[in-house]
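Note that this is a predicted model, so its numbers are computed, not measured. Both ligands and their constituent atoms are indexed starting at 1 by order of listing.
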Amino acid sequence: MYCQKGKKMTAKSLFACGLSELKKVLAEAGMPAFRAGQIHDWIFRKFVFSFDEMTNISVADRAMLKEAFPRILPPVHRFLKDSDGTCKVVLKLSDEALIEAVAIPDEDSMTFCLSTQVGCPVGCLFCRTGESGFTRNLTAEEILLQVMVLVKRTGVKPTNIVFMGMGEPFYNRRALFEAIDMLTDPQGLAMATRRITISTSGVIEGIMELIDRPGEVNLAVSLHVADDNGRNTLVPINKRYPLGRLKEAIGTYCDRTGRRVTLEMVLLHNINDQYNDALNLVNFCEGLIVHVNIVRFNHFPGAKYQPASAQNEKEFRRVLKKAGIAVTVRKSRGQEILAACGQLAGKENV
Ligand code: SAH
Ligand code: SF4
């Protein structure tokens, strides 16, 4: 397609262009530099997905943009809805990578669960995302894109955002924090930082960086096992960030922010659901302001593990409660459509 100055505009999906790339594309087509900022603002801050509604752009430029970028949002590769109301979108990015994002409605909330990477390099043994290996980091735009598609599909804006989809968020900190800044921008979705939660398998640099950032973003740590030997196997990142250092980082987070950290525990039958495992966890929690969230293991095709029995889970909770530790059990949502924790894989077979 050609602009009025006769130069070719490269037709590429807009969401895949960062601001600087967009500037280049538009400059090549002879548009003023500030157009890129205006468009970026409409899409990523105001959630406007149609050039017709971008009223501060001239009609001629809007027509040109429409021709060059027939769609602002990419087509949804798959959209699935569970009988419990949970929705999952599978998006195909410009390089054909598949990513997944989930919308979880509740009585008076709507939680969006977002991915930060294509696959995950951590490779936890009980996680379907980890099983599929790592392809690449997502850009901030690609993280936000998931929010936009979910808003468009469900017609509801999120009340909460959790970075608990595919990938280790703290291995992609630049894009993660940029996306959070845009989500909380008063000119955009204006989300409160305390409505956002980052879940990490234990990347200490990420915890430290979060402490130094303004705002009240919540921290969840996927602990699962509270002794180094067991955790080295189940959550291999433990070899790099062993429990002693992880505990120290969590303690610093609690002291410096005054906020409580959630420790996530997926209880697996005969693996980490025993009395001793609960005692190790009680030891780990000592001196920390934490809350333990027990997550039921979600099965997926080919998974080697089984969830802890109801009896073992009950006993595990009893030990924690007796030690004065707050403990809850997370409801599992979206299991039918493989949208629950640990079931996202970005695979063709859902
Ligand atoms: N990578 C980050 C965030 C994504 S995983 C992290 O690990 O924290 C989100 C949560 O799902 C983590 O607590 C993770 O341990 C948990 N999870 C992974 N596989 C699971 C499974 N099969 N069933 C239940 N929870 C699972
Ligand atoms: Fe990665 Fe989290 Fe899955 Fe572990 S649980 S493999 S860190 S996505």
By number and element, which atoms of ligand 1 are closer than 4.0 Å to a non-hydrogen atom of V266?
-> 24 (C), 25 (N), 26 (C)
Do any of the N/O/S atoms of C120, backbone or side chain, fall under 2.8 Å from atom 3 (Fe) of ligand 2?
-> no
Note: ligand 1 atoms sitting under 4.0 Å from heavy atoms of T200 are 6 (C), 8 (O)
Taking NZ, NE, NH1 and NH2 as the nitrogens, is one of them in D181 or R213 under 4.0 Å from a carboxylate oxygen of the other?
-> yes
Here the atoms of ligand 2 under 4.0 Å from any heavy atom belonging to S201 are 7 (S)
Ligand 1 contact on V122 by region, counting heavy-atom pairs under 4.0 Å = neither
Going by the order shown, which atoms of ligand 1 are within less than 4.0 Å of some heavy atom of G165?
-> 4 (C)
Within a distance under 4.0 Å of any heavy atom of G167, pick out the atoms of ligand 1 and give their elements.
-> 1 (N), 2 (C), 3 (C), 4 (C)
Heavy-atom contact under 4.0 Å between S222 and ligand 2?
-> no
Could you tell me whether C124 approaches ligand 2 through its side chain, its backbone, both or neither, with non-hydrogen atoms closer than 4.0 Å?
-> both
G165 to C113 - nearest heavy-atom pair and separation = N-SG, 3.4 Å
Side-chain contact, heavy-atom cut-off 4.5 Å: H77 with L91?
-> no
State whether E142 and R136 are salt-bridged, where the test is any N-O pair (Lys NZ or Arg NE/NH1/NH2 against Asp/Glu carboxylate O) under 4.0 Å.
-> yes
Which of the atoms in ligand 1, numbered in the order shown and given with their element, are less than 4.0 Å from a heavy-atom of E264?
-> 13 (O)
Any atoms of ligand 1 less than 4.0 Å from a non-hydrogen atom of V295? List them with their elements.
-> 24 (C), 25 (N)
Establish, from distance only, whether the side-chain atoms of E248 and Y253 form a donor-acceptor pair under 3.5 Å.
-> no
Numbering as shown, the atoms of ligand 2 that approach G123 to under 4.0 Å (heavy-atom distance) = 6 (S)
Is there at least one pair of N or O atoms, one from C120 and one from ligand 1, spaced under 3.5 Å apart?
-> no
Give every residue pair that meets the salt bridge (charged side-chain N to carboxylate O under 4.0 Å, His left out) criterion with at least one member in residues 222-243, sequence neighbours excluded.
-> none
Identify which of P169, P307, S201, S222 has a heavy atom lying nearest to atom 12 (C) of ligand 1.
-> S222
Does a donor on one side chain and an acceptor on the other come within less than 3.5 Å for S115 and E100?
-> no
Who passes side-chain hydrogen bond (donor to acceptor under 3.5 Å, both in side chains) against H269, sequence neighbours left out?
-> none
Is ligand 1 under 4.0 Å from a heavy atom in the side chain of R296, in the backbone, in both, or in neither?
-> backbone
Above 12 or not: heavy atoms from other molecules or residues under 6.0 Å from CZ of R62?
-> yes
Interfacing atoms of ligand 1 (cut-off 4.0 Å, heavy-atom, C127) = 18 (C), 19 (N)
Give the single entry among Q117, H224, R330 that approaches atom 15 (O) of ligand 1 most closely by any heavy atom.
-> H224
Subset of ligand 2 atoms that lie under 4.0 Å from at least one heavy atom of G130 = 6 (S)
When hydrophobic residues are tied together by side-chain contacts of less than 4.5 Å, even through go-betweens, does L65 share a cluster with L73?
-> yes
Min side-chain heavy-atom separation N160-T197 under 4.5 Å | no
